[in-house]
Amino acid sequence: MNRICFYDTKPYDKKYFEANKDKYGFEIDYFEEKLNSKTAIMAKGYEAVVAFVNDTIDKKTVDILYENGVRLIAMRCAGYNNIDFKAAYGKIHVVRVPAYSPYAVAEHAMALLLTLNRKIHKSYNRTREFNFSLNGLTGFDLHGKTVGVIGTGKIGRIFIDICKGFGMNVIAYDLFPIKDSDIHYVPFDELCKQSDIISLHCPLTKETFHLINEDSIGKMKKGVIILNTSRGALINSEDLLSGLKDSIIGGAGLDVYEEETDLFYEDMSYTIIQDDILSRMISMPNVIVTSHQAFLTEEALSNIADTTFANLQEFFLGSSLSNEICYQCGKGEACNKKQNGKCF
Ligand code: NAI
């Protein structure tokens, strides 16, 4: 029987994978530990591991997995910035779930915006104590405001449609704008200057690392709201904190944080958090932090389980790997996927 182990398993992952596994006949073991160079040895005896966004799949981890017989890393997520692809190439195939519910993430971005703007987090707490005062709860109409969307892929486009439904004026920036679309693209600096709200929907790459920094914040409108449901390191958190303290930034809705790996998905309520930037931001009335939960809908979890199992089955049958990715993908002839159905 094909043996698979899961890292960083939570009860909600297990529920959806267990519900779908019977038709595949895999033998699955679920580990709660995150995958990193210390825990990679646990994969001895498994040909495939299933990993997630906050696992550290660096060269050391890849080498240990390979030495212990692992030949497939199946990411149960879309993003893959936590993998050393060069280290994996030629040794371990990497597959992912390119799309499971872009609606889940786009809707969460809008939930953050509505909560921040209308101060629902404040009123929820107030009315629980029978404090029915409205002081300090004033928001603004989203209708007619300009939202700048960075990254017009699957999630960004749905977020644009949601914003249009609110009567907002949408502008966008993308390194690869969609041709012949009705999206109003502007250069990055222009988007910073014009937007009342900026929402990040691009991947974390060398080019997008700390895209939101002191320099770009300096170009933004006073009071801008920044939403990040993509990857934490798109924002230089120290610069974001300064912008919030100086009231240049009027609010931040963050589902991701650049130093989230050891914090998010865990109950840290009895721990003294050592990250002063995150603690300070969480203490601010105009910052909402959610714990990388934008994907967390029933539909998304079910689709993640389906696609991950399909990816694993392709691997065990020796077929083409539809959702494989490597560091050479998209760079002309360098990757073998077009010819052989696999990157190597
Ligand atoms: P996608 O691949 O469909 O779209 C990404 C877009 O970003 C593309 O249009 C691409 O051209 C653009 N882009 C690439 N480099 C850029 C650059 N340097 N500047 C501006 N635009 C650039 O990806 P999708 O599915 O829309 O996901 C977007 C991101 O959302 C993912 O990379 C992932 O990091 C994040 N995500 C977060 C989740 C959460 O639970 N918070 C769940 C799923 C995805």
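Only a predicted model underlies this, so the values are computations on that prediction, with no experimental measurement involved. Whatever order the structure lists them in is the order used to number ligands and atoms, beginning at 1.
You'll find the ring centres of Phe316 and Tyr24 outside the 6.0 Å limit.
For Leu204, the heavy-atom gap to ligand 1 stays at 4.0 angstrom or more. Within the 4.0 Å heavy-atom cutoff, Tyr100 counts among the residues contacting ligand 1.
With a heavy-atom cut-off of 4.0 Å, Leu175 touches ligand 1 through backbone and side chain alike. Here His201 has backbone heavy atoms under 4.0 Å from ligand 1, and that is the only part of it that gets that close. If you look at Ile155 next to ligand 1, the close heavy atoms, those under 4.0 Å, come from the backbone and the side chain alike. Counting heavy atoms under 4.0 Å from ligand 1, residue Asp174 touches it through both backbone and side chain.
Residues Ile158 and Lys154 are not in side-chain contact: their nearest non-hydrogen atoms beyond the backbone lie 4.5 Å or more apart. Using a 4.5 Å heavy-atom threshold, the side chains of Thr152 and Tyr185 count as touching. A heavy-atom distance below 4.5 Å is found between the side chains of Asp306 and Asn20. Between Thr61 and Leu35 there is a side-chain heavy-atom pair separated by less than 4.5 Å. Side-chain contact check for Cys343 versus Gln328: every heavy-atom pair is 4.5 Å or farther apart.
At under 3.5 Å, not a single nitrogen or oxygen of Thr208, backbone or side chain, sits near a nitrogen or oxygen of ligand 1. Considering backbone and side-chain atoms together, Ser230 places an N or O closer than 3.5 Å to an N or O of ligand 1. At least one N or O atom of Phe295, backbone or side chain, sits closer than 3.5 Å to an N or O atom of ligand 1.
Every atom of ligand 1 with a heavy atom of Thr152 under 4.0 Å away is listed here by number and element: 9 (O). In summary, the atoms of ligand 1 found under 4.0 Å from a heavy atom of Phe176, numbered by their order in the structure, are 11 (O). The atoms of ligand 1 that sit less than 4.0 Å from any heavy atom of Val105 are 38 (C), 42 (C), 43 (C). Interface of Gly151 with ligand 1, defined as ligand atoms under 4.0 Å from a residue heavy atom, comprises 7 (O).
More than 12 heavy atoms of other residues, nucleotides or ligands lie within 6.0 Å of NZ in Lys10, so this atom counts as buried by the packing criterion.
Using bins of under 30°, 30° to 60° and over 60° for the plane-to-plane angle, the ring pair Phe159/His201 lands in the tilted bin. Using the six-membered ring where Trp is involved, Phe6 and Tyr30 have ring planes that are tilted, between 30° and 60° apart. Ring planes of Phe17 and Phe309: perpendicular class, angle over 60° (limits at 30 and 60°). Taking the six-membered ring for Trp and thresholds of 30 and 60 degrees, Phe295 and His292 have ring planes more than 60 degrees apart, a perpendicular arrangement.
The nearest heavy-atom contact from the protein to atom 37 (C) of ligand 1 is Thr229 O, 3.1 Å. In this structure, the protein non-hydrogen atom closest to atom 22 (C) of ligand 1 is Cys202 CB, 3.7 Å. At the top of the distance list for atom 4 (O) of ligand 1, counting protein heavy atoms only, stands Gly153 CA, 3.1 Å. Nearest protein heavy-atom contact of atom 14 (C) of ligand 1 is Pro203 CD, 3.5 Å. Among all protein heavy atoms, the one lying closest to atom 19 (N) of ligand 1 is Tyr173 CE2, 3.6 Å.
Across all their heavy atoms, Cys202 and Leu234 have their closest contact at O-CD1, 3.6 Å.
In this structure, of Arg231, His292, Lys154, the residue bringing a heavy atom nearest to atom 3 (O) of ligand 1 is Lys154.
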